[in-house]
Every structure is written in C-alpha cells, then in structure tokens.
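Both backbone and side-chain heavy atoms feed into the values below; hydrogens, waters and symmetry mates do not. If you read the sequence from its start, that first residue is 1, and numbering goes on from there. All ligand and atom numbering here is 1-based and tracks the order in the structure.
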Amino acid sequence: MTDTPPPFLPFALPEIGDEEIAEVVDSLRSGWVTTGPKARRFEQDFVAFLGDPSLHAVAVNSATAGLHLALEALGIGPGDEVITTTHTFTATAEVVRYLGADVKLVDIDPATLNIDPAAVEAAITPRTRALIPVHYAGLAADMATLGDTARRHGLAVVEDAAHALPTTHAGHLVGTLDSAATVFSFYANKTITTGEGGMLVTRDAALAKRAQVMRLHGMSRDAFDRFRSDKPSWFYEIVAPGFKYNLTDIAAALGLHQLKKARAFQARRAAIAEAYDAAFAGLPVITPPRPAEGDLHAWHLYVLRLADDVHVSRDTLIERLFAAGIGCSVHYIPLHLQPYWRDRYALLPEMFPHSQHAYERMLSLPIYTRMTDADVARVALAVREALR
Ligand SMILES: *Cc1c(COP(=O)(O)O)cnc(C)c1O
C-alpha cells in the first residue's frame, strides 16, 4: 500500500538542448572562451530578434551590470534621484546606489502589480533624473503613461526587462519602446538563460558606445581603431575606470540557441498560465493580470494571490505545497521591508499599501517549459487541496 511519492518538482529549471551543448563544446574546442565572435553574434541576433535595426545591443555578464552601465552612461550620480518600484528584486535599485545617487521607491498598481504611474508622478522632485520601470512577471508596465511623465519632466527611462523576453506593449516588443535603454537578464531562471548574462539595448549610439567601453575596464575601442593602422595590435587606451562586465563566448554560445527558442518557450509558458487560470476558476484566489488584447506576456512568473477571505495563510499554503513535493517562491519581499532599504530611507509598510498587501498574500508557482501537462495538473490539484 506504500505509494512512492512523486519526485520533487522544483520551482524553476532551465531548458538546455543538444544545440546549446554542442555550441558550448565548439567554443571550448576553438580556444575562444571569453568575449569573442559568439558574443558579437549574440548581440546581432538579439537586434534581429527585436526586429529594429536602429537598436544597439551590448552583451554583459548580468542584467545588474547592464542596468549599472545604462545609468552610468546617462551620467546618474550623487545628488540625483531615480524612481523605481518597491516590488522588485534588489538589483533594480542597488545599481542606483553604486553611482552614489538615491532611490525613490514607489508603490504598485494592485491590478497589474507593476509600478503605479500616479505614484511615480507624486515622487518626482527637482533632483529626479530617471525612472526604472520593471515589467513585473513579464507583463508590460504602463509605458505609455510613464513615457508621457518622463517627457514632461525631462527624465530618462531605463527599463528593467529582466522578466520581459518576449513581452509586447501596444504591439511593440519591450526593447523597441521609446526608452533610453532596456536591459534583459539571462540568469538561470529567466525566460532564456546563459547561466549568467544580460543584454543592454538602446537606440542611443553614444550610450551604447559608453557601455561598450565601460563593460571592459574603460578600454577605448575608438582609440584602438584609430591607431590600428599605424600601431601594432598591442596598443589600447584606458579612458575611464571601467568595470569587468563582458559576456563570455561560452555564455553567448548558450544564448545563441536559447534566443532561437524564445518564442516557443513563451508559447509553452503561456499555455501553462492558461491551464492554471482554468484550474483555479472558482477558488478564492486572484489569478495573474492578463496583458491587453493582442499583447504578449513573457510569463517569467505565475503569481497567485489569496483572496482576502481565505482562512489559509500564504506561508501555510507554501508549506503544504512543499509537503506535496512542489517548490514555490515569493516575488518579491518588497524592498521597503529589506533592512538596507528600510533603514536607509526610513520606509514603513504603510507607505506601500498595495505592494505590502500583495506581498502578504502572494506566491509564485512553477512555470517553465520542462514542466509536463501532468506536472501542471499536479500543481493545480495540490493548490486546490491545500486551500481546503
Ligand atoms: C533577475 C533580475 C534582475 C537581475 O538580473 P541578473 O541577470 O541576475 O543580474 C534584475 N531585476 C529583476 C526584476 C530581476 O528579476
């Protein structure tokens, strides 16, 4: 009578195919293991994927690095303020502090869990220089309103698109919108992965050039190119104290093939979201917000919220799912609750009522391409039983 329990279903797993493995092996055999031809090709393919040849793509070793480079290139520094959502990962905000500028955290729209444009408007001061919207879970932020606010106040917009490949806003892919820069993540659990990696995209040639120089020690390729004709190839110039943020060819080898699969990955994730939504109909839960008609949601996360009248707490629900062999997570513990941000800016939960309320009642369910239909059904059934 003893059933062997089903194996533990992790919260997230990457899907790495034979193509990726062969491409990595090819890099290893070629001897070109750091930044080289594959990183360059990954940048070119990324621009082709976004379908806008006026874009520049700068491959980096994380989205955090890309966000830092974008803000650095915009000249953000001490005395400046940058507005972003409290309902994000700390990377979105920490890069502002790297540059000595200050972070103004604002609340979310409870319907979308994205940054609330009205809260942004209210947080603008004469010191505000930039906004960092996050396309939370893979659903586009209200870029029309945020863009309008930014234009009226002369602010730069840097999109944190770590969740948003591929996501569209009013029919346009995130990455092609009207922002100073957009930064994608290829961290292990993101919609495509290079293990660690990121991509900064921009239409601003000067911003792209600065990011290219600063991602590799502040070495000026311009100078290199200028002197190439009359100097041997050992010559380079350091024009700034740059960083070490370049993407390796080993990582880019993964990215080349992951990118080709990004559309199919999105379709599978959307199908899982659809199946969850159907399975949770009638339960005392709030299913995730949907994109506008015709728009794409990247479905990096499937965030379920408990209705206000449920007797089961979020923590209990996660414990019950764990006992049933299902990994879950919470995205995010809002920044206003994290000691560093809370203490530095004297933040209180009452200042962020929508983020706080959502945080207390939310959990993220597994949603990834390697899940079978049976895995999805198992999660849905476990949620139903855990809520009983
Ligand atoms: C993952 C993530 C990042 C950081 O991405 P890395 O590539 O790990 O640096 C930034 N912002 C958000 C919202 C993320 O989820």
Side-chain angles (χ1 to χ4, degrees), residues 11-14 39 42 46 57-72 82-98 103 105-106 108 112-115 130-141 143 146 157-167 174-175 179 181-201 211 214-215 243-248 250-252 254-255 258-259 262 269 288 297-303 329-336 338 341 355 358-359 362 364 367-368:
F11 171 67
L13 273 181
F42 187 34
F46 207 84
V58 181
V60 287
N61 60 10
S62 71
T64 308
L67 291 165
H68 183 198
L69 290 175
L71 296 178
E72 196 278 340
V82 177
I83 299 174
T84 192
T85 169
T86 188
H87 214 91
T88 188
F89 185 57
T90 194
T92 313
E94 75 194 20
V95 293
V96 174
R97 297 292 304 130
Y98 292 0
V103 177
L105 296 175
V106 301
I108 51 172
T112 64
L113 306 176
N114 270 319
I115 192 167
L131 315 177
I132 311 180
V134 178
H135 304 294
Y136 177 80
L139 178 71
M143 296 306 292
L146 293 168
V157 177
V158 174
E159 293 169 71
D160 180 338
H163 302 181
L165 189 77
T167 291
V174 165
S179 311
T182 303
V183 180
F184 296 88
S185 173
F186 313 130
Y187 179 66
N189 69 4
K190 297 290 163 51
T191 56
I192 73 168
T193 187
T194 61
E196 300 279 359
M199 193 72 78
L200 182 165
V201 300
M214 294 306 282
R215 82 174 155 184
F243 311 106
K244 187 69 196 292
Y245 282 168
N246 55 303
L247 187 74
T248 68
I250 296 174
L254 290 167
Q258 289 275 295
L259 186 62
R269 286 172 177 272
H297 187 315
W299 291 109
H300 166 56
L301 301 174
Y302 185 94
V303 176
S329 193
V330 173
H331 296 88
Y332 292 90
I333 304 166
L335 297 185
H336 66 259
Q338 296 292 0
W341 298 108
S355 169
Y359 162 64
M362 69 168 34
S364 302
I367 183 167
Y368 49 96

Location of contacts on Tyr332 toward ligand 1, heavy atoms closer than 4.0 Å: side chain
Decide whether an N or O pair under 3.5 Å exists between Ala63 and ligand 1. yes
Could you tell me whether some N/O pair between Thr64 and ligand 1 is separated by less than 3.5 angstrom? yes
Step by step, work out the side chain to side chain contact (heavy atoms under 4.5 Å, CB included) result for Phe243 and Val60. CA-CA 11 Å; Phe243 311 106; Val60 287; over 6 Å; no
Numbering as shown, the atoms of ligand 1 that approach Ala162 to under 4.0 Å (heavy-atom distance): 2 (C), 3 (C), 10 (C), 11 (N), 12 (C), 14 (C), 15 (O)
A student checking ligand 1 against Thr88 at a 4.0 Å heavy-atom cut-off should list atoms 13 (C)
Does ligand 1 have an atom under 4.0 Å from some heavy atom of His331? no
Of the backbone atoms (N, CA, C, O) and the side-chain heavy atoms from C-beta on, which set of His300 has a member under 4.0 Å from an atom of ligand 1: side chain, backbone, both, or neither? neither
Look at atom 8 (O) of ligand 1 and say which protein heavy atom is nearest, naming residue and atom and giving the distance to 0.1 Å. Tyr187 CB, 3.8 Å
What protein heavy atom sits nearest atom 11 (N) of ligand 1, and how far off is it? Asp160 OD2, 2.7 Å
Could you walk me through whether Thr193 and Leu254 pass the side chain to side chain contact (heavy atoms under 4.5 Å, CB included) test, one step at a time? CA-CA 7 Å; Thr193 187; Leu254 290 167; 6.0 Å; no
Name the orientation class of the two ring planes belonging to Tyr332 and His87 (parallel below 30°, tilted from 30 to 60°, perpendicular beyond 60°). perpendicular
Kindly confirm or rule out an N or O of Glu196 lying under 3.5 angstrom from an N or O of ligand 1. no
Step through it carefully: locate the ring centre of Phe186, locate the ring centre of Phe42, and say whether they are under 6.0 Å apart. yes
Return the closest protein heavy atom for atom 2 (C) of ligand 1 as residue, atom name and distance. Lys190 NZ, 2.7 Å
Output the distance between atom NE2 (His331) and atom CG (Leu113), rounded to the nearest 0.5 Å. 13.0 Å
For Gly197 and ligand 1, answer yes if some heavy atom of the residue is under 4.0 Å from a ligand atom, otherwise no. yes
Pair Tyr359 and His336, ring centroids less than 6.0 Å apart: no
Reference residue His135; test side-chain hydrogen bond (donor to acceptor under 3.5 Å, both in side chains); the match among His300, His163, Glu159: Glu159
Compare every heavy atom of Val106 with every heavy atom of Ile83, then report the nearest pair and how far apart it is. CG2-CG1, 3.8 Å
Any donor-acceptor pair under 3.5 Å linking the side-chain atoms of Trp341 with those of Thr90? yes
Provide the number and element of each atom of ligand 1 under 4.0 Å from a heavy atom of Ala91. 4 (C), 10 (C)
Select the closest option to atom 5 (O) of ligand 1 among Ala188, Gly198, Ser185, judged by heavy-atom distance. Ser185
Specify the protein heavy atom at minimum distance from atom 15 (O) of ligand 1: its residue, its atom name, and the distance to 0.1 Å. His163 NE2, 2.7 Å
Leu67 and Val158: side chain to side chain contact (heavy atoms under 4.5 Å, CB included), yes or no, with the steps? CA-CA 8 Å; Leu67 291 165; Val158 174; 3.9 Å; yes
